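In what follows, every chain begins at residue 1, and chains take the letters A, B, ... in the order their sequences are listed. Since the structure is predicted, the reported quantities are computational estimates derived from the model, not experimental observations.
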Protein chains: 2
Amino acid sequence: MKTTNKNLISLDEFKVKNYGKPGTKERDELEAGYEDFKIGALIHDTRLELGMTQEQLAEKVGTTKSYISKIENNIKEARISTLQKIVKLGFGGQLELSIKM
Amino acid sequence: MKTTNKNLISLDEFKVKNYGKPGTKERDELEAGYEDFKIGALIHDTRLELGMTQEQLAEKVGTTKSYISKIENNIKEARISTLQKIVKLGFGGQLELSIKM
DNA sequence: TTATCAGTTTCACTTTAGGATAACATTTGT
DNA sequence: ACAAATGTTATCCTAAAGTGAAACTGATAA
């Protein structure tokens with residue numbers, strides 16, 4: 001029962017990837033101090049490591065590549081249930097979550 | 001830098017607590033095979049360990065006790081950003097998330 | 001150049017979280 | 001029993017997430 005915990009991330013220690021042009025509403029919001037998430041990068045990196053395209057991932061998960069793109073770029077904040085579907089159906093993994101005190 | 005990872009949970013291995021009477025819409029949905037989450041229990045247990053009431057937690061987080069109750073009972077699926085607020089502002093901890101392959 | 005593939009963004013629509021408030025229920029203490 | 005504290009549920013609202021379709025951009029290749 002060998003399990004590897006990939007990519008443990010603290011949802012606090014990073015800045016979101018650039019999105020859009022400076023001056024746009026979305027970009028401004030992202031930079032305005034809303035909570036930023038590394039989740040997009042986590043999905044993105046895992047997908048690439050598994051050699052999948054957004055479209056292939058979307059098909060496995062039962063969604064569209066446009067939605068995957070939005071998640072990877074932190075444009076939309078996916079639900080945990082959606083993240084779980086991506087990880088489980090798309091990657092064959094298991095999403096875990098914990099509180100570090 | 002001693003850190004403890006409390007309550008690492010896999011979002012897959014449990015059934016939600018009972019909610020409402022059988023036959024209600026919410027109850028039916030919960031039992032109908034939607035993804036169920038242990039997150040409510042995680043928040044609930046952590047709150048109790050810290051000796052807080054829902055109202056005290058709500059105040060720290062900037063929300064209401066009714067909302068905390070809904071989260072703890074998995075009636076509403078909190079966003080990750082909201083979970084993070086609860087963990088950080090309410091518990092003084094840090095929310096972490098990972099993919100187990 | 002022209003396809004093709006991968007990814008991004010826009011547009012539009014539906015659903016839900018999040019919140020306010022208040023009523024109701026349950027537990028706990030005296 | 002009663003009261004107080006704590007937790008649950010109901011109702012209603014609004015802003016935002018969730019989502020798909022399709023247009024668009026960028027890169028790569030033939």
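- What separates CD of B/Glu55 from P of D/dA4 is a distance of 15 Å, to the nearest Å.
- Within residues 59-70 of chain B, the residues approached by DNA chain C to less than 4.0 Å at the level of any non-hydrogen atom are B/Thr63, B/Thr64, B/Ser66, B/Tyr67, B/Lys70, in residue-number order.
- Taking atom CD1 of B/Ile71 as the reference point, atom C1' of D/dG7 lies 15 Å away to the nearest angstrom.
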What donor-acceptor contacts under 3.5 angstrom involve side-chain atoms of residues 58-69 of chain B, with partners at least two apart or in another chain?
from, atom 1, to, atom 2, distance (Å)
B/Thr64, OG1, B/Ser66, OG, 3.3
B/Thr64, OG1, B/Tyr67, N, 3.3

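- Atom CD in B/Gln84 sits about 13 Å away from atom P in C/dG18, given to the nearest Å.
- Using a 4.5 Å heavy-atom cutoff, the side chains of A/Leu97 and A/Ile80 are in contact.
- Residues B/Leu95 and B/Lys88 have side chains not in contact (no heavy-atom distance under 4.5 Å, counting atoms from C-beta outward).
- Here the side chain of A/Lys76 is nearest to one of C/dG7, D/dG7, D/dA17, namely D/dA17.
- Remark: A/Leu48 engages A/His44 in a side chain to side chain contact (heavy atoms under 4.5 Å, CB included) (not counting sequence neighbours).
- Within the 4.0 Å cut-off from OP1 or OP2 of C/dA17, not a single side-chain nitrogen or oxygen of B/Ser81 is found.
- Here D/dA17 presents its C1' atom at 16 Å from CG of A/Asn73, a figure rounded to the nearest Å.
- Look at CG on A/Leu83: it is 14 Å from P on D/dA17, rounded to the nearest Å.
- Side-chain atoms of A/Gln94 do not come within 3.5 Å of backbone N or O of B/Ile99 as any donor-acceptor pair.
- Not a single side chain to side chain donor-acceptor pair (under 3.5 Å) links A/Arg79 to another residue, sequence neighbours left out.
- Here the C1' atom of nucleotide C/dT10 and the CD1 atom of A/Ile75 are 11 Å apart, to the nearest Å.
- Put simply, NE2 on A/His44 is 8 Å from P on C/dG7, counting in whole angstrom units.
- In this structure A/Leu89 satisfies the side chain to side chain contact (heavy atoms under 4.5 Å, CB included) test together with A/Lys85, sequence neighbours excluded.
- Between the axis at the start and the axis at the end of the helix from C/dT1-D/dA30 to C/dT30-D/dA1 there is an angle of 40°, using five pairs per end and rounding to 10 degrees.
- Taking side-chain N and O atoms only, B/Arg79 has a distance below 4.0 Å to OP1 or OP2 of C/dG18.
- Atom CG of B/Leu57 and atom P of D/dA5 are 19 Å apart (whole Å).
- Annotation: side chain of B/Ile43 is in contact with side chain of B/Leu83 (closest heavy-atom distance under 4.5 Å).
- The phosphate of C/dA6 (OP1 or OP2) has no side-chain N or O of A/Arg47 nearer than 4.0 angstrom.
- With rounding to the nearest 0.5 angstrom, the CD atom of B/Glu72 is 12.5 Å from the CD1 atom of B/Ile39.
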